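Okay, so here's the structure we're looking at.
Residue numbers start from 1 in every chain, and the chains themselves are labelled A, B, ... in the order their sequence lines are given, proteins ahead of strands. It should be emphasised that the depicted structure is a prediction, and the values quoted were computed from it without experimental measurement. Hydrogens, waters and symmetry mates play no part in the numbers below; they use all other heavy atoms, side chains included.
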Protein chains: 2
Amino acid sequence: MQFSKSTDYALHALIHLGLSERSHHVGIKELSGSLGVSESYLSKIMSKLRQDGIVRAVPGVNGGYELARPAEQISFLDVIQVIEGRQQLFECSNSSSQQHQLLVEQGSAPDEQRNLARKDCLIEKVMLGAEQQMHQYMREHTIQSVLDEAVERRSHEANKK
Amino acid sequence: MQFSKSTDYALHALIHLGLSERSHHVGIKELSGSLGVSESYLSKIMSKLRQDGIVRAVPGVNGGYELARPAEQISFLDVIQVIEGRQQLFECSNSSSQQHQLLVEQGSAPDEQRNLARKDCLIEKVMLGAEQQMHQYMREHTIQSVLDEAVERRSHEANKK
DNA sequence: ACTATTATAGACATTAAAGATCCATAATAG
DNA sequence: CTATTATGGATCTTTAATGTCTATAATAGT
Ligand code: SF4
Ligand code: SF4
């Protein structure tokens with residue numbers, strides 16, 4: 001299991017946009033050149049980002065892309081979810097196995113609520129919990145926070161001299 | 001991005017083993033029947049788990065699988081890493097792009113150490129941090145902890161009556 | 001030593017997803 | 001009106017996951 005290259009591209013592209021002035025449009029040519037990816041492929045990714053309201057796009061002369069909102073409001077989680085989708089990392093298939101009986105419907109309790117199914121599965125609970133941890137961290141880190149860190153590091157370097 | 005079905009199978013199989021008495025061997029037939037997966041495929045997965053020291057296997061009559069160590073010493077992270085591999089979730093490709101220059105070698109500092117490369121990348125830092133969060137959570141949850149929780153829940157159900 | 005049983009490993013086939021390209025179309029600035 | 005730029009659909013390639021089959025090796029029980 002790995003993040004797709006598209007996620008890689010998307011993040012780099014957004015950082016590039018974050019460096020450009022607001023309301024200045026960056027064309028696909030510049031982006032693709034900067035990242036070393038084909039225009040064709042990258043434009044698909046940018047298109048996705050637009051559909052999800054991460055960037056704005058304007059066609060025509062001097063057109064291109066810009067961030068749709070301030071970089072501090074674009075979290076890593078936002079980006080990952082656009083590209084990788086929003087399904088859970090863990091989704092079981094065999095919800096009819098004996099295991100299932102054991103871990104979900106637990107010892108029988110058929111009277112009241114049936115059809116709890118997946119909601120109460122102990123395996124899913126762990127896997128989902130783990131995913132949430134990762135999400136939380138990604139929610140706290142934005143395009144801007146990376147940019148800031150870069151600046152900070154740069155001045156740190158300068159001090160050394 | 002999703003966990004593979006193999007991870008699903010592995011977890012279920014280990015829970016099955018965790019329920020069986022220690023030093024009692026569970027054959028692939030029983031496992032595959034219980035999970036609703038083909039013997040062929042499941043045996044591949046079990047084989048991997050054996051190679052990584054999660055389970056023990058003995059061939060021959062009355063042979064089969066058993067946990068290689070106590071269930072409380074088998075964490076979800078252990079299992080996931082056996083099946084999904086140990087590469088990082090995020091591994092960038094284009095480490096030659098302009099972006100790279102900016103985020104890693106930061107403003108130039110060519111004198112002393114070159115070749116720091118990926119180690120100091122701010123994007124990787126975020127992505128790796130997020131992954132670590134997930135790992136930590138998975139490290140804290142074991143096959144046994146799920147089994148315990150199941151028992152606990154069962155007694156809880158009983159109390160209700 | 002023999003036999004039935006069970007796991008193992010390699011080869012192979014199938015399916016699904018990611019990665020990538022091409023082209024016809026639509027929108028926009030000038 | 002035109003050159004420019006993004007968009008969406010179709011399509012191809014590559015890669016990884018999934019799944020099956022078979023021959024081999026190891027073991028317990030006789
Ligand atoms: S809901 Fe839980 S127990 Fe049931 S099949 Fe899915 S993972 Fe297994
Ligand atoms: S090391 Fe960082 S900046 Fe360089 S290519 Fe990888 S992700 Fe991008």
Distance criterion of 3.5 Å, no angle test: do you see the side chain of B:Lys44 paired donor-to-acceptor with the base of D:dT20?
yes
Give the rounded distance in Å between these two atoms: NZ of A:Lys5 and C1' of C:dA20.
10 Å
Detail all sub-3.5 Å separations between protein N/O atoms and N/O atoms belonging to nucleotides 3-6 of chain C.
{"unit_1": "C:dT6", "atom_1": "O4'", "unit_2": "B:Gly60", "atom_2": "O", "d": "3.2"}
{"unit_1": "C:dT6", "atom_1": "O2", "unit_2": "B:Gly60", "atom_2": "N", "d": "3.4"}

Answer yes or no: does a side-chain N or O of A:Arg50 lie under 4.0 Å from OP1 or OP2 of D:dG8?
yes
Gap separating the OG atom of B:Ser20 from the CD1 atom of B:Ile15, nearest 0.5 angstrom:
12.0 Å
Between A:Glu66 and A:His24, what is the shortest heavy-atom contact and its length?
CB-O, 4.0 Å
Would you give the length of the straight line joining atom CG of B:Leu77 to atom CD of B:Gln136, rounded to the nearest 0.5 angstrom?
9.0 Å
In whole angstroms, how far is the C1' atom of C:dA16 from the CE atom of A:Met1?
18 Å
At under 4.0 Å, does any side-chain N or O of A:Ser6 touch on OP1 or OP2 of C:dA18?
no
note: B:Glu66, atom CD; C:dA7, atom C1'; distance rounded to Å ~ 14 Å
Starting from P on D:dT27, measure out to CZ on B:Arg56 and report it in whole angstrom.
14 Å
Please give, in whole Å, the distance from C:dA7 P to B:Lys48 NZ?
19 Å
Interatomic distance where CD1 belongs to A:Ile45 and C1' belongs to D:dT7 [whole Å]:
15 Å
Using a cut-off of strictly less than 4.0 Å, decide whether A:Gln51 has a side-chain nitrogen or oxygen near OP1 or OP2 of D:dG8.
yes
Where is the tightest heavy-atom contact between B:Ser6 and B:Ile83, given as atom of each residue plus distance?
CB-CG2, 3.6 Å
Residue-level proximity of residues 31-42 of chain A to DNA chain D when a heavy atom falls under 4.0 Å:
none
In the structure I gave you, are the side-chain heavy atoms of B:Phe90 and A:Leu11 within less than 4.5 Å of one another anywhere?
yes
Is any side-chain nitrogen or oxygen of A:Ser4 closer than 4.0 Å to OP1 or OP2 of C:dG19?
yes
In Å, rounded to the nearest 0.5 Å, how long is the span from CG of B:Leu14 to CD1 of A:Ile123?
9.5 Å
For B:Phe3, which contact category applies under a 4.0 Å heavy-atom criterion: base, sugar-phosphate, or nothing?
nothing
Heavy-atom nearest pair, B:Leu35 first then B:Ala13, reads CD1-N, 3.8 Å
Considering non-hydrogen atoms only, spot the tightest contact between A:Leu17 and A:Tyr65 and give its length.
CD2-O, 3.7 Å
Applying a 3.5 Å limit to both distances, which nucleotide forms a Watson-Crick or G-U wobble pair with C:dG30?
D:dC1
OP1 or OP2 of D:dA6 less than 4.0 angstrom from a side-chain nitrogen or oxygen of A:Ser47, does that happen here?
no
Grab the CD-P distance between B:Gln2 and D:dA16 for me, whole Å please.
18 Å
Does one side chain, of A:Ser75 or A:Asp78, offer a donor that lies under 3.5 Å from an acceptor on the other?
yes
Over all atoms of both residues, closest heavy-atom pair of A:Met46 and A:Leu31:
CE-CD1, 4.0 Å
From the candidates C:dA7, D:dT7, C:dG10, the one with an atom nearest any side-chain atom of B:Ala57 is C:dA7
For the pair made of NE2 in A:His25 and C1' in C:dA27, what is the distance, rounded to whole Å?
13 Å
